[in-house]
Amino acid sequence: MIKVSHPYFVLGTKDLHYIFRILETGQLEHLYVGKKLIDQTYEALHTKITAGMGSQILYERDDYQAYLDLLPLEYSGIGKGDFRLSPLEIKCPDGTYVNDFIYHHHTIKNGFIKANTMPTAHAKENEAQSLVITLIDEHAKLELDLIYTTFDQANVITRRAVLHNKNTSSLVIRKIMSMMMDLDETDVDLYTLDGGWIKEAHQHKRELTYGTYIIDSTTGTSSNRHNPGIILAKKDTTENHGVCIGINLVYSGNHYEAVQIANHGMLRVMTGINPHCFEWVLNPNDAFETPEAVLSYADQGFNELSQHFHDFVNHHITPAYHQKRSRPIVLNSWEAFYFNFNHRKLLHLANQAKDLGIELFVLDDGWFGDRNDDQRALGDYTINKKKLPYGLKHLADKIHQKGLQFGLWFEPEMISPNSQLYRLHPEYAIHIEGRRPSLGRNQLVLDLCNPEVRGYILDNLHRILKEIPIDYIKWDMNRQLTDMYSAFVIHQGMFFHAYMIGLYSILQEMKDTYPHILIETCSSGGNRFDLGMLTFGAQIWTSDDTDPIERLKIQEGLSYLYPLSTISAHVSLAPHAQTLRDTPLSTRFNVASFGVHGYELNFDYVSPVEKKEIKRYIQFYREHRDLFQFGTLIRHDIKDDHHIVWQVTDGKKHVIASFQTLAEASPEFEKLHVQRLDSHTLYHLKSFQQRMPLKRFGHLISHALPIKLNTNGWIMRKIGEYKMLDNAVIDDVMSGEVLKNGYRLKQQFSGTYYNQETRIIGDFGSMMYVVEPLEEEHDENI
Ligand code: GLA
């Protein structure tokens with residue numbers, strides 16, 4: 001609900017209030033963001049300044065005065081006395097940079113307000129309300145709309161800005177942020193998600209002090225270096241305690257977040273398009289739309305904040321058709337065959353996948369042109385007849401006949417210099433005349449500012465999708481933007497953002513034409529893991545790194561701002577292709593369960609007993625899919641750095657996974673804590689049986705054998721292919737209170753004894769448990 005009682009604007013969601021007011025001088029003073037206030041008199045929230053200080057600039061309008069530099073503002077300008085980081089830098093037609101935006105009028109509307117060039121969050125009329133505040137700079141002949149939307153149930157407020165040029169000449173926007181907010185807090189830590197290829201979204205915490213901290217990307221993508229999502233948290237905030245504010249951006253291009261602690265301990269935060277190489281020429285009577293910024297607040301720690309963002313993304317960001325719709329379990333051909341496949345091999349893999357319970361078969365890179373390696377053919381859409389002599393439709397039909405869905409990989413934004421397309425249209429590739437363009441993965445990027453290029457991509461996609469029954473698209477993008485130039489923008493400072501507008505228009509047409517097709521976006525893994533892409537594709541290939549121990553950090557980092565339904569996670573072979581780490585199959589499964597589950601391996605390299613395990617895993621995932629994709633995620637606070645515990649729940653049933661990244665000799669006794677239980681209800685605690693390969697014991701197995709056998713010999717290897725050991729079986733009943741306080745687990749294996757109840761966890765080991773109220777329990781094969 002949005003309430004206006006002059007001069008106050010009170011934006012409410014289910015639990016939050018966001019309040020600001022119009023100052024006598026016309027600017028907007030930010031007053032409050034936090035849990036709902038019962039108080040109707042907001043004067044207590046005003047900043048109380050009785051006199052200017054030292055070198056302050058006095059701002060005067062009509063009979064009123066203000067010291068803008070001392071006030072928490074909703075948005076600011078340049079050159080009128082606020083010397084903090086400005087959200088806006090405009091070169092006016094007269095060459096000046098000064099701007100000063102004053103309240104003019106406002107409107108309120110139910111639902112959300114669509115943007116013309118940018119994707120936005122969506123909602124039904126009764127789920128959201130929007131406020132547009134129009135500010136005016138009379139002298140510069142500019143209008144600035146600040147658009148706020150409240151998403152009631154998700155406890156999220158979004159903000160964006162639209163600038164209108166009312167001059168008779170063009171102006172240049174050099175910086176325009178989607179939102180800005182001033183808080184009077186300094187004992188705050190900044191949490192960001194940073195990394196690189198195969199190391200995405202590692203969470204980092206920084207203590208803030210005076211000065212400016214900037215998180216951004218300049219790669220033309222939201223990037224794996226720094227995700228646009230940030231969290232500001234009061235010191236000592238933990239998973240379940242403390243105050244934090246999260247901010248994210250519905251944008252997939254160059255982004256910029258700045259946090260500044262300035263004079264008098266005021267904290268300014270802003271997010272928007274990166275001003276790096278950005279200069280937008282705004283013609284008379286034209287408007288410029290910023291991407292939408294997303295904001296939420298929690299006072300019960302990070303889990304509560306994440307829950308707001310998860311609800312918001314699941315209900316208001318991902319495409320309506322796929323919301324709350326179960327995501328299929330995928331088999332992706334990439335790590336099984338890379339480029340080296342043919343019709344027969346694919347069907348063999350699909351047969352194995354079907355037998356194990358997999359639901360969607362995805363043919364990854366390599367099906368078009370002469371694409372036998374990554375040196376060629378991007379931009380070509382002819383089907384590779386050598387690999388697929390019967391065509392792609394025939395393959396898709398065969399896959400469908402098996403009862404599997406069929407998915408296909410595309411990299412539509414790219415062109416290989418060695419391609420039919422490049423030979424015909426070298427001008428389609430982004431380049432600067434006379435300068436040799438830099439390659440990335442042997443490829444160049446198509447100029448999406450060029451309408452003909454967009455038409456070429458869409459024509460080919462439509463042609464293929466009309467002919468071939470496709471249920472899923474993997475939309476990949478494997479390099480960053482360099483050599484920025486397009487003949488289709490009037491100023492090269494518009495290039496990066498115009499590329500995004502072009503991309504979004506293609507994706508919008510795809511979404512409108514094929515709403516039922518599930519799109520998974522990807523950019524060498526998570527190089528474009530952001531809310532912008534999620535408005536078109538409901539899930540994202542999180543990382544090319546499927547090593548479960550690496551994935552713990554990657555998936556956990558993303559989980560602060562993105563729900564499990566968006567995090568695509570596959571089981572691959574061990575030792576892992578990138579880290580050579582040898583991890584138990586059970587841990588690979590357990591980690592890949594927290595998200596959209598899949599497999600990316602050649603089952604010919606999997607032993608019969610492991611296949612049996614995988615079949616059991618898939619059945620377990622299917623039974624608990626709702627929890628793993630749409631349940632409430634609870635990250636547990638753990639006191640050491642080699643354990644991680646995740647819990648998912650629908651309020652009644654709980655699945656808890658506990659991961660041990662490093663074993664210890666003679667470890668402390670451990671307890672299993674389960675959160676959000678009713679103290680007086682009886683619960684059934686059951687372990688999801690983790691079986692262990694014999695080879696885990698190596699030569700030690702000989703001590704347990706009645707006869708002498710070579711533990712590395714043929715007989716032991718054969719036994720190992722068909723037999724695994726039960727491990728850490730738990731089947732017990734207890735009250736919620738006991739589980740909340742901690743159920744005492746049996747000790748871990750320490751070399752003296754083994755039976756099926758001994759917990760053998762070791763390095764990279766993990767356990768998964770199911771907790772259900774006794775009376776709710778139904779028959780399950782776990
Ligand atoms: C990228 C993706 C992979 C795979 C390959 C295919 O690296 O992240 O998952 O699709 O491209 O070339």
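Both ligands and their constituent atoms are indexed starting at 1 by order of listing. Start at 1 with the first residue, then count along the sequence.
- If you look at W367 and F410, their ring centroids are closer than 6.0 Å.
- Taking the six-membered ring where the residue is Trp, the centroids of F630 and H315 are separated by 6.0 Å or more.
- Checked by distance only, ligand 1 and D364 come closer than 3.5 Å through their nitrogen or oxygen atoms.
- A perpendicular orientation is assigned to the rings of Y381 and Y456, their planes being inclined by more than 60° (bins at 30° and 60°).
- Per-residue contacts place G525 under 4.0 angstrom from the following atoms of ligand 1 (heavy atoms of the residue considered): 8 (O).
- In this structure, atom 2 (C) of ligand 1 lies nearest to the protein heavy atom D476 OD2, 3.1 Å.
- Close approach to K474 involves these atoms of ligand 1, each under 4.0 Å from a residue heavy atom: 3 (C), 4 (C), 9 (O), 10 (O).
- Not a single heavy atom of E411 lies less than 4.0 angstrom from ligand 1.
- Within ligand 1, counting atoms from 1 as listed, the ones closer than 4.0 Å to a heavy atom of S524 are 8 (O).
- From the protein, the heavy atom lying nearest to atom 12 (O) of ligand 1 is D365 OD2, 2.6 Å.
- Note on ligand 1: E600 sits outside its first shell, no heavy atom being nearer than 4.0 Å.
- Near C522, with a cut-off below 4.0 Å to any heavy atom, the atoms of ligand 1 are 2 (C), 8 (O).
- Distances from atom 5 (C) of ligand 1 to the heavy atoms of W197, F339, W334, W541 show the closest one on W334.
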